[in-house]
**Q** 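Submitted below is the structure of interest, expressed as structure tokens.
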Amino acid sequence: MINLVQQTLENLFTEYINSKNIFLKKDALSLNYTPENVSYREEQMKQLGSVLAPILKNNKPSNVFIYGITGTGKTLVTKHVIDQLKKIANLNNVEITTLYVNCKMKRVADTEYRLLAYILSLFDVHVPPTGLPTESIYKIFFDTLKNHKEIIILTLDEIDALVDKIGDEFLYNLTRMNQYNEGNIVIVGISNNLTFTEKLDSRVKSSLCDEELVFSPYNATQLKNILSDRAKVAFCEGILRDGVIAKCAALAAQEHGDARRALNLLRVSGEIAERDQDFYVDEKHVDFAQSKINLDYIMEAVKVQPKQSKVVLYSIIKLLEKEGKPYIYTGDVFSYYDNLCKSVGLKPLTTRRVSDLISELEMLSIIETKVISRGRHGRTRVLNMSVSDSVVVKIRTFLKEEFLI
DNA sequence: CATCCACCGGAAATAGGGGGGC
DNA sequence: GCCCCCCTATTTCCGGTGGATG
């Protein structure tokens with residue numbers, strides 16, 4: 001028995017080492033990779049560069065706002081420009097501090113308090129995760145800033161998500177502090193939402209949006225060229241079959257020209273080819289990659305849900321199965337959920353809260369809902385899964401194991 | 001064509017977990 | 001320790017509503 005395992009392992013490894021390499025430098029396809037030159041974004045880089053340049057002479061530049069949907073190179077360009085700036089600053093002995101915060105990080109920077117606590121932690125100042133009045137956090141924050149004479153560039157990525165959640169007051173506070181405390185902080189706000197500024201208070205708007213940069217989505221041709229450039233670095237020669245890059249580009253272009261998606265797709269395609277020990281990457285691998293990425297995304301989202309949310313999702317899946325209908329109503333879900341909680345010994349949440357949890361599941365595109373009226377039978381939401389059956393089965397299996405139901 | 005269902009979803013209140021000050 | 005304060009998650013409260021139904 002052991003010998004057999006030994007044998008297969010040996011085969012596996014031998015085959016692996018003899019197989020042709022797919023990747024030359026896989027990093028080139030990762031999201032953190034900063035390519036030599038950023039295609040189609042020269043204009044934006046120049047703009048951002050000239051806005052931030054005064055730092056090099058110790059003048060505080062204007063705040064900047066950057067708009068554009070996901071995967072249009074906002075983060076990449078910003079990081080690239082700031083890196084260069086830092087490099088030149090170092091060479092000329094100008095001290096600057098740069099901070100990058102992704103506001104969407106759950107439980108890290110998704111409330112005013114947590115955002116400040118997180119920024120402070122970047123300064124190596126640690127505050128309790130809860131308990132203090134926000135005001136005293138501000139005080140600590142200001143005091144910390146006072147200890148820094150150099151100019152600080154604070155990049156707030158996905159800032160629209162944060163403002164949606166907690167309002168724009170913190171932005172107001174940041175800018176106000178800037179005005180009165182001879183502030184030395186420059187805010188670079190990055191938003192995926194094009195109409196973001198409309199939601200801002202006009203005072204905030206005027207001081208934060210001194211400079212605006214717009215990133216438009218890449219079209220399929222541009223995506224194709226971007227992918228080609230990266231693929232040349234990332235893959236061994238002759239590995240990519242014709243049409244692979246075009247397919248990745250086309251699929252991503254459908255998703256509003258998201259370059260991040262396209263790169264992911266290409267990378268995962270290669271990984272699948274590698275795993276299957278194929279000598280090439282072709283369009284079939286791209287198809288597999290597409291569904292694998294989707295599956296991974298959904299499963300990850302499911303795994304990190306709070307327990308209650310998982311129970312709600314499980315109820316929806318079980319109920320859909322039981323009813324055999326392609327849709328169900330909120331009320332049914334709630335009573336099923338209620339029973340389930342009792343049998344698992346979990347305290348059920350109220351309908352109001354469950355309703356919110358359902359909305360969150362929809363936001364994650366795990367389920368789909370639609371408010372309809374059933375006349376005398378009232379107004380409710382119809383819900384169904386928005387993932388394929390095979391994914392549903394995987395989710396169900398996962399949840400079942402987790403609850404031991 | 002008025003009625004009324006069964007839930008939607010905003011807003012305010014409350015619980016619960018934590019913190020500082022004295 | 002006690003007291004009071006804060007933040008976040010959840011509950012409570014409730015006005016609102018599209019359209020089948022009588």
**Q** To the nearest 0.5 Å, what is the distance between CD1 on A:I272 and CD on A:Q290?
**A**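 Those atoms lie 10.5 Å apart.
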
**Q** Examine the side chains of A:R267 and A:N264 and answer whether a donor and an acceptor come within less than 3.5 Å of each other.
**A**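 A pair is found: one side chain offers a donor N or O, the other an acceptor, under 3.5 Å apart.
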
**Q** With pairs defined as Watson-Crick or G-U wobble and both distances under 3.5 angstrom, please note down DNA chain C as a dot-bracket string, | for pairing with another strand.
**A** ||||||||||||||||||||||

**Q** Among the candidates C:dT11, B:dC8, C:dA9, find the nucleotide nearest to the side-chain atoms of A:V371.
**A**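 Nucleotide nearest to A:V371's side chain: B:dC8.
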
**Q** Give the rounded distance in Å between these two atoms: CG of A:D356 and P of C:dT12.
**A**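 The answer, rounded to whole Å, is 14 Å.
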
**Q** Whole Å only: how far is the CZ atom of A:R114 from the C1' atom of C:dC7?
**A**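 The answer, rounded to whole Å, is 9 Å.
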
**Q** Do any N or O atoms of the protein come closer than 3.5 Å to N or O atoms of nucleotides 16-22 of chain B, and which pairs are they?
**A**
residue	atom	partner	partner atom	Å
B:dG18	N2	A:G131	O	3.4

**Q** When you compare the side chain of A:L85 with that of A:I96, does any pair of heavy atoms fall below 4.5 Å?
**A**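 Answer yes - side chains close enough.
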
**Q** Which one, C:dC6, C:dT10, B:dC8, comes nearest to the side chain of A:S355?
**A**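 For the A:S355 side chain, the nearest candidate turns out to be B:dC8.
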
**Q** Among all residues two or more places apart in sequence or in another chain, which pass the salt bridge (Lys or Arg N to Asp or Glu O under 4.0 Å) test with A:R352?
**A**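 Scan of A:R352 (salt bridge (Lys or Arg N to Asp or Glu O under 4.0 Å), adjacent residues dropped) gives A:D356.
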
**Q** Counting N and O atoms only, with roles assigned by atom type, does the side chain of A:E362 sit under 3.5 Å from a partner on the main chain of A:T369, one being a donor and the other an acceptor?
**A**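 At least one qualifying donor-acceptor pair exists.
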
**Q** Any luck finding a side-chain donor-acceptor pair between A:Y67 and A:N192 under 3.5 Å?
**A**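 Side chains of A:Y67 and A:N192: no pair found under 3.5 Å.
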
**Q** Let's see if you can work this out: which of B:dC7, C:dC6, C:dT11 has an atom nearest to the side-chain heavy atoms of A:T350?
**A**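 My answer, after comparing the listed nucleotides, is C:dT11.
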
**Q** Quick one: A:M363 CE to B:dG9 P, roughly how many Å, whole number?
**A**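 About 12 Å, once rounded to whole Å.
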
**Q** Taking the side chain as everything from C-beta on, heavy atoms only, tell me whether A:V186 gets closer than 4.5 Å to A:I152.
**A**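 They are not in side-chain contact.
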
**Q** In terms of side-chain heavy atoms of A:R352, which of C:dC6, C:dT8, B:dG9 is nearest?
**A**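 Ranking C:dC6, C:dT8, B:dG9 by closest atom to the A:R352 side chain puts B:dG9 first.
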
**Q** Answer with yes or no after comparing the ring centroid distance for A:F235 and A:F23 against a 6.0 Å cut-off, counting only values under it.
**A**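 Yes; A:F23 has its ring centre under 6.0 Å from that of A:F235.
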
**Q** A:K139 has an atom NZ; how far is it from atom P of C:dC6, in whole Å?
**A**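 Result: 17 Å.
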
**Q** Answer yes or no: is there a side-chain heavy-atom contact under 4.5 Å between A:N90 and A:I88?
**A**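 They are not in contact (no side-chain heavy atoms under 4.5 Å apart), so the answer is no.
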
**Q** Report the distance from atom NZ of A:K307 to atom P of C:dA9, rounded to the nearest whole Å.
**A**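 To the nearest whole Å, that distance equals 18 Å.
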
**Q** Enumerate the residue pairs fulfilling ring pair (Phe, Tyr, Trp, His ring centres under 6.0 Å) with a member in residues 145-167 of chain A, sequence neighbours excluded, ordered by first and then second residue.
**A**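 Listed by first then second residue: A:F123-A:H148.
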
**Q** Tell me, which of residues 315-328 of chain A have any heavy atom that sits under 4.0 Å from an atom in DNA chain B?
**A**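 Heavy-atom contacts with DNA chain B come from no residue of residues 315-328 of chain A; none.
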
**Q** What pairs of nitrogen or oxygen atoms, one from the protein and one from nucleotides 3-6 of chain B, lie under 3.5 Å apart?
**A**
residue	atom	partner	partner atom	Å
B:dT3	O2	A:R376	NE	3.4
B:dT3	O2	A:R376	NH2	2.5
B:dC5	O4'	A:R376	O	2.7
B:dC5	O3'	A:R376	O	3.3
B:dC5	O2	A:G375	O	2.6
B:dC5	O2	A:G378	N	2.9
B:dA6	O4'	A:H377	O	3.3
B:dA6	N3	A:R379	N	3.1

**Q** Under a 3.5 Å cutoff, is there a donor and acceptor pairing between the side chains of A:T75 and A:R260?
**A**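 Distance-only check fails for A:T75 and A:R260.
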
**Q** With no hydrogens and no angle check, do the side chains of A:Y337 and A:Q308 hold a donor and an acceptor under 3.5 Å apart?
**A**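 A donor-acceptor contact under 3.5 Å links the two side chains.
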
**Q** Any salt bridge between A:E271 and A:K26, counting N to O under 4.0 Å?
**A**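 Counted as a salt bridge, because a side-chain N and a carboxylate O are separated by less than 4.0 Å.
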
**Q** Ignoring hydrogens and geometry beyond distance, is a side-chain donor-acceptor pair present between A:T134 and A:E112 at under 3.5 Å?
**A**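 No - no donor-acceptor pair under 3.5 Å links their side chains.
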
